[in-house]
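First comes the structure, then the notes that go with it.
The model shown is predicted, which means the values in this text are computed figures rather than measured ones. No hydrogens, no waters, no symmetry mates; every other heavy atom, side chains included, goes into these values.
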Amino acid sequence: MVQERTLPQFQAPPAQISPEQGLVLYEDMILGRFFEDKCAEMYYRGKMFGFVHLYNGQEAVSSGVIKSLRSDDYVCSTYRDHVHALSAGVPAKNVMAELFGKETGCSKGRGGSMHLFSSEHNLLGGFAFIGEGIPVALGAAFQSRYRRDALGDTSADQVTACFFGDGTSNNGQFFECLNMAALWKLPILFVVENNKWAIGMAHERATSQPEIYKKASVFGMPGIEVDGMDVMAVRAVAQEAIARARAGEGPTLIECLTYRFRGHSLADPDELRSKAEKEAWLARDPIKRFEAYLVEHNLAEEGTLKEVRDRIQTTIDDALTFAEDSPEPSPDDLYKYIFAED
Amino acid sequence: MAETLLFNALREAIDEEMGRDDTVFVLGEDVGVYGGSYKVTKDLYNKYGELRVLDTPIAENSFTGMAVGAAMTGLRPIIEGMNMGFLLLAFNQIANNAGMLRYTSGGNYKIPMVIRGPGGVGRQLGAEHSQRLEAYFQAVPGLKIVACSTPYNAKGLLKAAIRDDNPVLFFEHVLLYNLKEDLPNHEYVVPLDKAEIVRSGKDVTILTYSRMRHHVTQAVKGLEKKGIDPEVIDLISLKPLDFDTIGQSIKKTHRVIIVEECMKTGGIGAEIIASINDRYFDELDAPVVRLSSQDIPTPYNGKLETLTIVQPKQIEAAVENMVALKV
């Protein structure tokens, strides 16, 4: 068995977060987890189709990064995009409706699980192919710099957070975009969610240098390794990178060491990952860990956390009802949205 | 009126649109300090600065995707493909993101961008630099594909493409950059979706585009001497095709010859023939004939290269045969 990387230690002083901020993070993580569990149920009950990639286990990354952004910042995701969309503020009912292929979905039922978009929430996608979202995110970041420096709009200090996995870090678009982002000092965070596996390809079998954060150094960019199962650690790293980006000091590569608790997609039999490895990572469940942190530091009581869970369960139930009750797109609109005038 | 070279007509279009709209910017390889390989962006770097005339690293797929992201967030990028063949490396971004993203996003985003540059068979540039990607890209939904052919239409079409809210692939031809024409002093825009009737006639409809328009024009001189009166249509828009103009001509001549520079298999002409069969089969007095490039990588050798693309004499012969109904 491959030797596990030692997770970097992070001691978060409780003063770093208020009880209110703590609950925002907790609620977002619970929303992500409960939403994905409902998706699995609906998929296995034959209500949801296509390739569905769930985010269970990685919640600390989405919540830690996206909840540190402003609402006018940009988020760019991958095919494992449900929870990034939720963290970015896309209502659960519109994400669920999209997965049901309904007209009320955030992509009007035309996109599906891997193509979630919301211009209202500056969610750039939802990209189904490996790496193809990174250049798009780079473009959004370039746009912020263009408005600020070419058009003189001093309010244009938006930051773009671009998420992708360990497998993508071997793709050319990753290196090409790191180069351009550093070259032009673009306000972007490259957030690698290293969950160790690209379907059946173990990260160590795919890359000559498994420590992805180290690849930043050749571009003269900060590269940071963080425990991706610890939302406080992710948040601290993200906040620093966001501040740097917003100040015009350029990009950061953040490698979050994390793990997916389910297979690559719901179609993946997940036979290659060892029981021992799965158990070791399940023991690091980011939600249980953050619950313990909140209670231990008197930031929340168990009763409050249960209220959050109950409320989110209602949100998920409502989202499901909304999705089931929503209309399908009209056949008359088959050609709509091909061109801008449609 | 001022006599203008085609590359300068394109340059004027970009300059005017950048002056008109400060969200318009140019990016690509050597577009800035160097002024573009064919000088289409000459001096614009000095006028507009390094962000609006952005020299990119040689990373076609990534800078194309970057333009998609910039377009989604409100800018209007113009990509210069130093050679359009290089954009094979950007096929994924052009097809998946420029072409399809508006649809898959359910209309969340529009992507106003232009991808322009030289295509076509030049003078012994070898196979990779002699490609005609319009045929490869025509199946991608969401793209508009335009080919210019004269200084006048180059300028007016490029201005229209920049103002269009959709991704436009804008094909120039490497051998047409030095064409000269008197251009109006006043501003003008040429619509993207209209074919141009180059010559009205009654005997046969010749559909062509880009450099082959000029081969057709040469052939027509010979045909006129023989008393043949062809109608010549420059398609301009390769996608969507202007079937109003094409259809009206077919109803007049009942005979069609397509002259194209792309290869025969899966070419622009193949699509036109299929569409004519769908729409105007009953109007035809003869099967549609297409004259295309050979289905081979363009050879370096000059004689073989000449044999690869359609020559004016072949066009002349094909039209004579068709008018005599010897097809």
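For A/Thr78 against A/Phe163, the heavy-atom pair with the smallest separation is CG2-O, 3.1 Å. For the residue pair B/Asp193 and B/Ser237, the shortest heavy atom distance occurs at CA-CB, 4.2 Å. Scanning both residues, B/Tyr103 and A/Arg110, for their nearest heavy atoms gives O-CB, 3.3 Å. Shortest non-hydrogen contact noted between B/Lys159 and B/Ala13 is CG-CB, 3.7 Å.
Residue-level contacts of residues 23-36 of chain B with chain A, in order of numbering, are B/Thr23, B/Val24, B/Phe25; threshold 4.5 Å between heavy atoms.
When atom types are taken as modelled, the side chain of B/Glu271 and the backbone of B/Ile268 share no donor-acceptor pair closer than 3.5 angstrom. The backbone N or O of A/Phe117 lies less than 3.5 Å from a partner atom in the side chain of A/Ser107, making a donor-acceptor pair.
The neighbour count for B/Lys42 NZ, taken as heavy atoms of other residues, nucleotides or ligands under 6.0 Å away, does not exceed 12. Around atom CD of A/Glu120, no more than 12 heavy atoms belonging to other residues, nucleotides or ligands sit under 6.0 Å away. Within a 6.0 Å sphere centred on NZ of B/Lys110, heavy atoms belonging to other residues, nucleotides or ligands number 12 at most. Heavy atoms of other residues, nucleotides or ligands lying less than 6.0 angstrom from CD of A/Glu249 number more than 12.
Looking at heavy atoms from C-beta onward, B/Leu169 lies out of side-chain contact with B/Lys144 at the 4.5 angstrom threshold. A 4.5 Å side-chain heavy-atom check between B/Ile162 and B/Phe170 finds every atom pair outside the cut-off. Using a 4.5 Å cut-off on side-chain heavy atoms (C-beta onward), B/Lys47 and B/Asp15 make contact.
Each of B/Asn61, B/Asp165, B/Asp22 has some count of heavy-atom pairs under 4.5 Å with chain A, and the biggest count is that of B/Asp22. Chain B forms more heavy-atom pairs under 4.5 Å with one residue of A/Lys108, A/Lys336, A/Gln173, A/Glu341 than with any other, namely A/Gln173. Here A/Arg145 is the residue among A/Glu103, A/Gln158, A/Arg145 with the most heavy-atom pairs under 4.5 Å with chain B. The candidate from A/Asn122, A/Leu116, A/Asp333, A/Leu138 with the greatest count of non-hydrogen atom pairs under 4.5 Å with chain B is A/Leu138. Chain B forms the most heavy-atom pairs under 4.5 Å with one residue out of A/Gly111, A/Ser118, A/Cys177, and that residue is A/Ser118. Of the listed residues (B/Pro112, B/Ser62, B/Ala71, B/Ala70), the one with the most heavy-atom contacts under 4.5 Å to chain A is B/Ser62. Between chain A and the options B/Met72, B/Met100, B/Glu50, heavy-atom pairs under 4.5 Å are most frequent for B/Met72. Between chain A and the residues B/Leu101, B/Thr56, B/Ile58, B/Val68, the most heavy-atom pairs under 4.5 angstrom are made by B/Leu101.
Contacts of B/Thr64 with chain A are absent, with no heavy-atom separation under 4.5 Å from either backbone or side chain. Residue contact with chain B, scored on non-hydrogen atoms closer than 4.5 Å, involves the backbone of A/Cys106 exclusively. In this structure, the portion of A/Leu183 lying under 4.5 Å from any heavy atom of chain B is its side chain and not its backbone. For chain B, the nearby part of A/Asn179 is the side chain; its heavy atoms alone come within less than 4.5 Å. Residue contact with chain B, scored on non-hydrogen atoms closer than 4.5 Å, involves the backbone and the side chain of A/Phe339 alike. The part of B/Asn97 that comes within reach of chain A is its side chain, from C-beta onward, which places non-hydrogen atoms under 4.5 angstrom from that chain. Neither the backbone nor the side chain of B/Ile111 comes within less than 4.5 Å of any heavy atom in chain A. Contact annotation for A/Leu151: only side-chain heavy atoms (C-beta onward) come within less than 4.5 Å of a heavy atom of chain B. Heavy atoms closer than 4.5 Å to chain B are found in the side chain of A/Phe129, but not in its backbone.
Between B/His129 and B/Phe86, the ring planes are perpendicular. Angles over 60° get that label, and only those under 30° would be called parallel.
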